[in-house]
S.K.: 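Okay, handing you the structure first.
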Amino acid sequence: MSWEESVINLRSQPHFARLMEDAYLTEDLKSNVERFLSSIEWYTTTQIVREQFNNTKLKVLDVGAGNGIASIGFALQGHNVTSLEPDTSKVVGSGAIRTLAEIYNLQNLRVVEGFGETLPFENNSFDIVYCRQVLHHALDLSGFLKETFRVSKNNALLLTLRDHVIKNEVDKQAFLKRHPLHKMYGGENAFTLEEYNNAISSSGFTIKKAMNAASSALNYSPWTKEKFFQEVKRKIPFLPNLGVIKTALWNWNLYRLKKIPGTLYSFIAIKNK
């Protein structure tokens, strides 16, 4: 199956409804955007950008933009956004981004079809390169990051968010086996933490922060302590609504997220040359 066909297939199965909602892949494109922009992940992303640039209007490159949820978010904040997405699908690709740009009447967003390994942009073009759930798909991780470095301005911000990390090949196979979409389209992948660190650093970026699944909302979103407790309580209705129980369950969940094969990591890096 293609990526588009896989997503459509899962949408048709009721027991995957939560997954599609949490992944912002439901049929309602505008609803996906609104839920993403109200998420703790987007709030955290916005805070990182503001700390680096205050409230200036920026040139943002969203690499592997998917259905455009983040591109729309940056554009609504007034930034000049370029969405790079190789899939032309109106469901999960550049077609969906163009639909959303029309819905929100955005003139400061352009959509380009292409891949991260060969970016069709001039040197020193962007203040932010944003890669959400993208690096682990790279066919050439080092080449991908060298290209992002090339098109970044001096002091540009690189945000690589929610990439899968594995310890070894056994861990990787366990991750791929449990991934519901990989079984259909076969496009998932993961690298070791060392491989990510080396590829980012060797490209020229300086890593400012590497965050594991438990240390940042960038990774554990859309879950929050309260949301996780309500999910557990749905299965165990008699569970007391006590702060100490919520905290204990949340801490257990964060520990679990760090240990699962393909655990998520996010990186903040700067081009300081």
Side-chain angles (χ1 to χ4, degrees), residues 2-4 45 48-49 52-53 56-75 77-90 92-98 100-101 106-164 187-191 195-208 210 218 265-273:
S2 67
W3 171 241
E4 177 184 36
T45 300
I48 292 169
V49 171
Q52 179 70 18
F53 297 105
T56 56
K57 302 307 178 187
L58 306 165
K59 293 187 69 176
V60 179
L61 173 62
D62 184 1
V63 182
N67 62 4
I69 53 175
S71 290
I72 298 299
F74 282 119
Q77 290 177 345
H79 303 301
N80 292 311
V81 181
T82 299
S83 298
L84 185 83
E85 171 55 46
D87 192 331
T88 60
S89 165
K90 292 183 179 180
V92 291
S94 61
I97 305 173
R98 290 189 173 96
L100 284 166
L106 295 170
Q107 306 303 315
N108 55 331
L109 189 157
R110 65 167 173 156
V111 183
V112 178
E113 277 89 23
F115 292 90
E117 287 85 353
T118 53
L119 295 174
F121 310 113
E122 296 181 357
N123 297 351
N124 308 310
S125 294
F126 298 98
D127 300 294
I128 297 175
V129 178
Y130 174 89
C131 308
R132 182 182 187 270
Q133 300 181 166
V134 173
L135 283 191
H136 61 274
H137 293 290
L139 298 177
D140 177 2
L141 184 60
S142 177
F144 186 111
L145 284 157
K146 287 177 181 176
E147 274 290 271
T148 64
F149 184 84
R150 179 184 65 79
V151 302
S152 299
K153 296 179 181 179
N154 290 337
N155 298 314
L157 182 66
L158 171 68
L159 294 176
T160 72
L161 309 183
R162 302 173 67 88
D163 278 302
H164 295 292
E188 290 300 320
N189 192 22
F191 297 100
E195 287 175 312
Y196 286 115
N197 278 316
N198 288 345
I200 295 171
S201 297
S202 64
S203 69
F205 287 104
T206 299
I207 297 174
K208 294 298 184 182
L218 293 171
Y265 259 78
S266 294
F267 299 86
I268 302 172
I270 302 291
K271 177 177 179 177
N272 52 14
K273 290 187 178 181

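The shown structure was predicted, so the numbers you read here are calculated from the model rather than taken from an experiment.
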S.K.: What's the separation between atom OG1 in Thr160 and atom CD1 in Ile200, rounded to the nearest 0.5 Å?
M.R.: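 CD1 of Ile200 is found 4.5 Å from OG1 of Thr160.
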S.K.: Under the rule for side-chain hydrogen bond (donor to acceptor under 3.5 Å, both in side chains), what residues qualify as partners of Asn189, not counting sequence neighbours?
M.R.: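 Testing Asn189 for side-chain hydrogen bond (donor to acceptor under 3.5 Å, both in side chains), a comparison that skips the adjacent residues, returns Lys172.
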S.K.: I need the His137 NE2 to Glu188 CD distance, nearest 0.5 Å.
M.R.: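 Going from NE2 on His137 over to CD on Glu188, the span is 4.0 Å.
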S.K.: Within a strict 4.5 Å, meaning less than it, do heavy atoms of the Gln52 and Ile128 side chains meet?
M.R.: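 Answer no - side chains too far apart.
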S.K.: Could you check Ile207 against Ile268 for side-chain contact (heavy atoms from CB on, under 4.5 Å), going step by step and ending with a plain yes or no?
M.R.: CA-CA 6 Å; Ile207 297 174; Ile268 302 172; over 6 Å; no
S.K.: Do Val134 and Phe144 come within less than 4.5 Å of each other through their side chains, counting heavy atoms only?
M.R.: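 Heavy-atom side-chain distance check passes, below 4.5 Å.
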S.K.: Is there a side-chain contact between Pro120 and Val112, using heavy atoms and a 4.5 Å cut-off?
M.R.: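 Counting from C-beta outward, Pro120 and Val112 do come under 4.5 Å.
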S.K.: Which value, rounded to the nearest 0.5 Å, describes the distance between Phe205 atom CZ and Leu157 atom CG?
M.R.: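 Here the rounded value is 9.0 Å.
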S.K.: Show the nearest heavy-atom pair for residues Ser71 and Ala65, with the distance to one decimal.
M.R.: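 Scanning both residues completely, I find the closest heavy atoms to be OG-CB, 3.8 Å.
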S.K.: Tell me, which pairs form a side-chain hydrogen bond (donor to acceptor under 3.5 Å, both in side chains) where one or both residues lie in residues 109-121, sequence neighbours left out?
M.R.: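 Listed by first then second residue: Thr82-Arg110, Ser94-Glu113, Arg98-Glu113.
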S.K.: Apply side-chain contact (heavy atoms from CB on, under 4.5 Å) to residues Phe149 and Lys146 and explain how you reach the verdict.
M.R.: CA-CA 5 Å; Phe149 184 84; Lys146 287 177 181 176; 5.5 Å; no
S.K.: Main chain of Leu119, side chain of Arg150: is a donor-acceptor contact present, judged purely on distance under 3.5 Å?
M.R.: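 Between the backbone of Leu119 and the side chain of Arg150 there is a qualifying donor-acceptor contact (under 3.5 Å).
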S.K.: By the definition side chain to side chain contact (heavy atoms under 4.5 Å, CB included), identify the one residue from Val81, Asn67, Leu109 that meets it with Ile97.
M.R.: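 Option passing the side chain to side chain contact (heavy atoms under 4.5 Å, CB included) with Ile97: Leu109.
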S.K.: The criterion is ring pair (Phe, Tyr, Trp, His ring centres under 6.0 Å); which residues satisfy it with His136, sequence neighbours excluded?
M.R.: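 Only His164 meet the ring pair (Phe, Tyr, Trp, His ring centres under 6.0 Å) criterion with His136.
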S.K.: Could you pull out all residues at least two apart from Phe53 that satisfy ring pair (Phe, Tyr, Trp, His ring centres under 6.0 Å)?
M.R.: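 Phe53 satisfies ring pair (Phe, Tyr, Trp, His ring centres under 6.0 Å) with no residue once adjacent residues are dropped.
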S.K.: Rounded at 0.5 Å granularity, tell me how far OG in Ser266 sits from CG in Leu159.
M.R.: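 The OG atom of Ser266 sits 8.5 Å away from the CG atom of Leu159.
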S.K.: Do Asn123 and Val151 have side-chain heavy atoms sitting under 4.5 Å apart?
M.R.: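 No; the side chains remain at least 4.5 Å from each other.
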S.K.: Give me each pair satisfying side-chain hydrogen bond (donor to acceptor under 3.5 Å, both in side chains) with a member in residues 195-207, each pair once, sequence neighbours excluded.
M.R.: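 Listed once each, the pairs are Thr192-Glu195, Thr206-Asn272.
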S.K.: Any chance you could measure Cys131, atom SG, to Asp62, atom CG, to the nearest 0.5 Å?
M.R.: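 If we round to the nearest 0.5 Å, Cys131:SG and Asp62:CG are 8.0 Å apart.
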S.K.: Kindly determine whether Leu58 and Val49 satisfy side-chain contact (heavy atoms from CB on, under 4.5 Å), including the steps that lead there.
M.R.: CA-CA 10 Å; Leu58 306 165; Val49 171; 3.9 Å; yes
S.K.: Are any non-hydrogen side-chain atoms of Leu139 and Phe115 less than 4.5 angstrom apart?
M.R.: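 SC-SC contact between Leu139 and Phe115 ruled out.
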S.K.: If you take all heavy atoms of Glu4 and Lys90, which pair is closest and at what distance?
M.R.: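 Reported closest heavy-atom pair: OE2-N, 4.5 Å.
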S.K.: For Phe126, check ring pair (Phe, Tyr, Trp, His ring centres under 6.0 Å) against everything at least two apart and list the hits.
M.R.: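 Result, ring pair (Phe, Tyr, Trp, His ring centres under 6.0 Å) vs Phe126: Phe121.
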S.K.: Test Tyr265 against Asp163 for side-chain contact (heavy atoms from CB on, under 4.5 Å), laying out the working first.
M.R.: CA-CA 5 Å; Tyr265 259 78; Asp163 278 302; 5.6 Å; no
S.K.: Side-chain contact, heavy-atom cut-off 4.5 Å: Leu135 with Leu145?
M.R.: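 Leu135 reaches Leu145 side chain to side chain.
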S.K.: Compare all side-chain heavy atoms of Asn124 with those of Lys271 and state whether any distance is below 4.5 angstrom.
M.R.: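 A side-chain contact under 4.5 Å exists here.
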S.K.: Judged by atom type as modelled, is there a donor-acceptor pair below 3.5 Å linking the side chain of Asn80 to the main-chain atoms of Lys59?
M.R.: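 No; judged by distance alone, with no hydrogens or angles, the pair does not exist.
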S.K.: Report the distance from atom CD1 of Ile48 to atom NZ of Lys208, rounding to the nearest 0.5 Å.
M.R.: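 If we round to the nearest 0.5 Å, Ile48:CD1 and Lys208:NZ are 14.0 Å apart.
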